[in-house]
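Both counts, for ligands and for their atoms, begin at 1 and track the order of listing.
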Amino acid sequence: MLYHVRMYVRLPPDLDPADRADIIAREMAYSQKLQREGKWPQLWRIAGEYANFSILDVAGHDELHTLLSGLPLFPYMDIEVTPLAAHPSKIAV
Ligand SMILES: O=C(O)CC1=CCC(=O)O1
């Protein structure tokens, strides 16, 4: 199943800079592993915001929740999920 996911990062401004750098490095490694596995095929920065639009390709809601809740930044993000269904006007390419 495909999901459109919006992630808004809300790191506390007083977070220790070393802790901040560590979380961001772990987030990058985690997301890049999932990208290589094909589970995170699209990752876009929302221009002007500390936020992203992502497409995740997973088995269903339970895997999506497991994946998202494992994000190192999960405690510091607001996340909005939209399940995607096939559109009848979409042409095959
Ligand atoms: O948008 C961000 O910076 C948060 C994030 C999600 C995956 C990643 O590598 O960073």
Side-chain angles (χ1 to χ4, degrees):
M1 286 186 67
L2 293 174
Y3 294 88
H4 181 266
V5 181
R6 304 172 188 212
M7 305 179 201
Y8 301 91
V9 183
R10 312 265 190 243
L11 281 167
D14 59 348
L15 187 64
D16 180 82
D19 291 341
R20 178 188 174 95
D22 177 65
I23 294 169
I24 291 171
R26 287 189 290 114
E27 181 84 2
M28 180 181 288
Y30 184 94
S31 77
Q32 289 184 344
K33 177 176 183 289
L34 291 167
Q35 289 172 61
R36 288 188 197 97
E37 292 172 355
K39 292 180 183 286
W40 196 327
Q42 296 283 324
L43 171 60
W44 296 93
R45 176 65 74 220
I46 300 175
E49 297 183 36
Y50 193 2
N52 72 72
F53 282 153
S54 290
I55 300 292
L56 276 75
D57 187 356
V58 293
H61 301 352
D62 291 336
E63 185 181 6
L64 181 70
H65 182 74
T66 298
L67 186 158
L68 293 177
S69 58
L71 287 164
L73 280 172
F74 184 74
Y76 305 107
M77 291 200 291
D78 294 327
I79 299 177
E80 297 172 1
V81 173
T82 306
L84 300 176
H87 195 289
S89 298
K90 175 79 169 66
I91 61 166
V93 287

Q: Before giving the answer on side-chain hydrogen bond (donor to acceptor under 3.5 Å, both in side chains), spell out for W40 and S54 the whole-Å C-alpha distance, their side-chain angles and the decisive distance to 0.1 Å.
A: CA-CA 7 Å; W40 196 327; S54 290; 2.9 Å; yes
Q: State whether the shortest distance between N or O atoms of Y50 and N or O atoms of ligand 1 falls below 3.5 angstrom.
A: no
Q. Quick one: does ligand 1 sit under 4.0 Å from the side chain of R45, the backbone, both or neither, non-hydrogen atoms only?
A. side chain
Q) Among all protein non-hydrogen atoms, which one is nearest to atom 5 (C) of ligand 1, and what is the separation to 0.1 Å? A) E27 OE2, 3.5 Å
Q | Least distance between heavy atoms, E27 atom then L71 atom | A | OE2-CD2, 3.3 Å
Q | I79 to M7 - nearest heavy-atom pair and separation | A | CG1-CG, 4.4 Å
Q: Could you find the nearest protein heavy atom to atom 9 (O) of ligand 1 and give me its residue, atom name and distance?
A: S31 OG, 2.9 Å
Q) Which bit of W40 is near ligand 1, meaning a heavy atom under 4.0 Å away: side chain, backbone, both or neither? A) side chain
Q: Could you name the option among N52, I46, L43, I23 that has the heavy atom nearest to atom 4 (C) of ligand 1?
A: N52
Q) Which heavy atom in V81 sits nearest to a heavy atom in L68, and how many Å separate them? A) CG2-CD1, 4.0 Å
Q | Side-chain ion pair, R26 and D22, N-O less than 4.0 Å | A | yes
